[in-house]
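Sharing a structure, written as C-alpha cells. Questions coming.
Below, read A as the first sequence line, B as the second, and so on, with proteins coming before strands; counting in each chain starts at 1.
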Protein chains: 2
Amino acid sequence: MRANDLPEVRALPLFRSMEPENFSELMNAAYLQRFPRQVDLIFEGEPADFLYIVVEGCVELFSRHAARETTLAMVRPVRSFILAAVIRDAVYLMSARTTEVSRLLMIPSENIRAAFEKDAAFARAIVTELAVGFRTMVKEYKALKLRSGTERLAARLLIQNDAQGGTGRVVLPYDKKTLASLLGMTPENLSRSFAALKKYGVGVDGNTIDITDIEAVKRFCRPSVLIDADEDIF
Amino acid sequence: MRANDLPEVRALPLFRSMEPENFSELMNAAYLQRFPRQVDLIFEGEPADFLYIVVEGCVELFSRHAARETTLAMVRPVRSFILAAVIRDAVYLMSARTTEVSRLLMIPSENIRAAFEKDAAFARAIVTELAVGFRTMVKEYKALKLRSGTERLAARLLIQNDAQGGTGRVVLPYDKKTLASLLGMTPENLSRSFAALKKYGVGVDGNTIDITDIEAVKRFCRPSVLIDADEDIF
DNA sequence: CGTCACTTTGAGGTCATTCAATTCGCGTGG
DNA sequence: CCACGCGAATTGAATGACCTCAAAGTGACG
C-alpha cells in the first residue's frame with residue numbers, strides 16, 4: 001500500500017515546506033502499512049533502511065544490553081523516529097515495536113537522503129528536527145542524572161497534566177510497566193513512588209491520577225524549562 | 001583578538017566544505033580568546049549568543065539542578081559545543097567552564113545562522129554534526145540506564161585504551177572527581193569501582209591505569225558498538 | 001614546610017532492585 | 001454466565017547499589 005494522500009504527514013514540520021514535487025516523489029517511494037500491536041519493527045544494530053512516521057497508534061523505542069532492557073521513548077502520531085540513523089546512513093541505536101494497532105509510513109532512507117540533497121527547505125527542516133531531538137535527549141539525560149526516580153515521576157505527571165488541559169486529572173497514556181521503564185525504574189518501584197507522592201496530594205486509581213495540590217508537587221520536584229519543557233518545532 | 005588564520009578550524013568537518021568567502025566572513029565576525037582555567041563561559045538558561053570551538057585546552061559542560069551538579073561532557077580540541085542551541089536560537093541547556101588554560105573561538109550565533117541559510121555545504125555539515133551529536137547523546141543515555149556505575153567505568157577505560165594506542169596503559173585525561181561526575185557517580189564511589197575492577201586485572205596508580213587482562217574487563221562490561229563507539233564525522 | 005584540594009577508606013543510611021506472594025481486572029472458553 | 005487463567009499491579013522482606021558523612025592519607029604548589 002502506498003499513500004500520497006496524507007495531509008497530516010504533509011503538515012509535519014519535517015515536510016511542510018518541501019517543494020511539492022519533491023514531496024510527491026518521496027511519498028511515491030513510501031509505504032503506508034498497518035501493524036498489529038506488539039510487532040517488532042526494527043532491531044538496534046540493523047542498517048537504517050527506512051525513516052518511520054507514526055500516523056496512527058503508538059511505537060515504543062527501547063534498547064537491550066546484557067539481559068537488561070529499557071524504554072527510551074514513546075512515539076505518538078504524528079511524529080517520525082530514527083531520523084539521525086537515516087541521515088547518517090548508519091545502524092539503528094534503538095529497537096522499535098508497536099504497542100497498539102498502528103499505521104506507519106515507511107520512507108526508504110535513500111529517498112530521504114536524496115531529497116535532503118535536492119531540497120533546501122527540507123534540509124533546513126531536518127536540521128531543526130535534529131536540533132530539537134538532540135535537546136530533548138539532553139533533557140532526558142539531565143533528568144536521569146539530576147533527579148531521583150520519584151522526582152522524575154512527579155515532573156512527568158506535571159507535564160502530562162499540562163498536556164491534558166491542566167485540570168489536575170491525568171490519564172496515563174500507557175501502562176505502568178512501560179512508564180516505569182521509561183522513567184528508568186522497575187514497576188515495583190514505580191508503585192512505591194506513587195505511594196510516596198500521596199503526601200503531596202497525588203491520588204492513583206488505575207491509570208487515572210489526581211493531583212489535588214499541584215504547588216506541593218512542584219515544590220517537591222522543582223520543574224524547570226531546562227529539563228522538562230517540550231520544544232515547539234516551528 | 002580576531003583570527004582568520006586557524007587551519008585547524010578550517011579543517012573541522014563543520015567548516016571544511018564551506019565556500020571560502022563564507023568561511024572568511026564567519027571568521028571575521030569571530031573572536032579568538034584565551035581563558036584561564038576554571039572560568040565560567042556560559043550558564044544554562046541564557047540565550048545562545050555564540051557558538052564555541054575549543055581550539056586549545058579543555059571545556060567542561062555541566063548542569064545544576066536543586067543543589068545537585070553533574071558533568072555532561074568534556075570537550076577537547078578541536079571541537080565545537082552547543083551547536084543545537086545556536087541553531088534553534090534558544091537557551092543553553094548546559095553550562096560551560098574551562099578546566100585548563102584554553103583558547104576558544106567564539107562565533108556569533110546570527111552569523112552561524114546566516115551562513116547556514118547561504119551555504120548549502122555548511123548546512124549539510126551542520127546536519128551531520130547534529131546527527132552525530134544526537135547519536136552520541138543516545139549512547140550516553142543508554143549507558144546510564146543499562147549499565148551499573150562500575151560497568152560504565154570499565155567501558156570507558158576500554159575506550160580510552162583504544163584511543164591511547166591499545167597498550168593497556170591509560171592516562172586519565174582529567175581528575176577523578178570530574179570523571180566520577182561524568183560517569184554519574186560520586187568520587188567515593190569511583191574509588192570503590194576502581195577497587196572492584198582490581199579482580200579483572202585493573203591497576204591504579206594516580207591517574208595512570210594499567211589493564212593487564214583486557215578480555216576479562218570486556219567480559220565484565222560487555223562493550224558494544226551500540227553504546228560505546230565514537231562516530232566518525234566524515 | 002604548611003596549606004589546600006584531591007583521593008581513599010570506613011561506617012552508616014537511603015534508595016532501588018530482586019524475589020516472592022497476593023490481589024485485581026480482564027478476556028477466554030467451558 | 002461463571003470459572004478459570006493470565007498478565008498487570010501492588011505489597012512485603014531481603015539484598016545490593018549507591019550516597020552521605022567523617023577522617024585520614026597523598027600530592028601539588030606557593
Problem set entry | Plane angle bin for B:Y52 and B:F81 - parallel if under 30°, tilted between 30 and 60°, otherwise perpendicular | parallel
Exercise. Under 4.0 Å between a side-chain N/O of B:K177 and OP1 or OP2 of C:dC6, yes or no?
Worked result: yes
Problem set entry | Between OG on residue B:S63 and CE on residue B:M94, distance to nearest 0.5 Å |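 Answer rounded to 0.5 Å: 8.5 Å.
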Exercise. To the nearest Å, how far apart are B:L172 CG and C:dC6 P?
Worked result: 15 Å
Exercise. Within this structure, what is the CG-to-P distance between B:L190 and D:dA17, rounded to whole angstrom?
Worked result: 16 Å
Exercise. How long is the line joining CZ of B:R37 and C1' of D:dC29, in whole Å?
Worked result: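 To the nearest whole Å, that distance equals 12 Å.
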For this session: Take A:V217 and A:V202 through the side chain to side chain contact (heavy atoms under 4.5 Å, CB included) test and state the conclusion after the steps.
Result: CA-CA 8 Å; A:V217 177; A:V202 175; 3.8 Å; yes
Indicate every side-chain donor-acceptor pair of residues 186-198 of chain B with a distance under 3.5 Å to a residue at least two apart or in another chain.
unit_1: B:T186; atom_1: OG1; unit_2: B:N189; atom_2: N; d: 3.3
unit_1: B:S193; atom_1: OG; unit_2: B:T150; atom_2: OG1; d: 3.0
unit_1: B:S193; atom_1: OG; unit_2: B:N189; atom_2: O; d: 3.2

Problem set entry | Spacing of B:D175 atom CG relative to D:dA28 atom C1', expressed in whole Å | 13 Å
For this session: Calculate the interatomic distance between A:K145 atom NZ and D:dC18 atom C1'; express it in whole Å.
Result: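 Taking atom C1' of D:dC18 as the reference, NZ of A:K145 is at 15 Å.
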Seminar exercise, completed: To the nearest angstrom, the CG-P distance between B:L144 and D:dA17 comes to 17 Å
Exercise. Hey, are the side chains of B:R169 and B:I209 touching, using non-hydrogen atoms and a 4.5 Å cut-off?
Worked result: no
For this session: Classify every nucleotide of nucleotides 11-24 of chain C by which part a protein heavy atom approaches to under 4.0 Å, writing B for the base, S for the sugar-phosphate alone and - for neither, in 5'-to-3' order.
Result: B----SBBB-----
For this session: Salt-bridge test for B:R64 and B:E69: reply yes if a basic N is under 4.0 Å from a carboxylate O, no otherwise.
Result: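 Yes, this pair counts.
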Exercise. Starting at CG of A:D205 and ending at C1' of D:dT10, how long is that distance when rounded to a whole Å?
Worked result: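 To the nearest whole Å, that distance equals 14 Å.
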Exercise. Within this structure, what is the CD-to-C1' distance between B:Q38 and C:dC6, rounded to whole angstrom?
Worked result: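 Roughly 13 Å, once rounded to whole Å.
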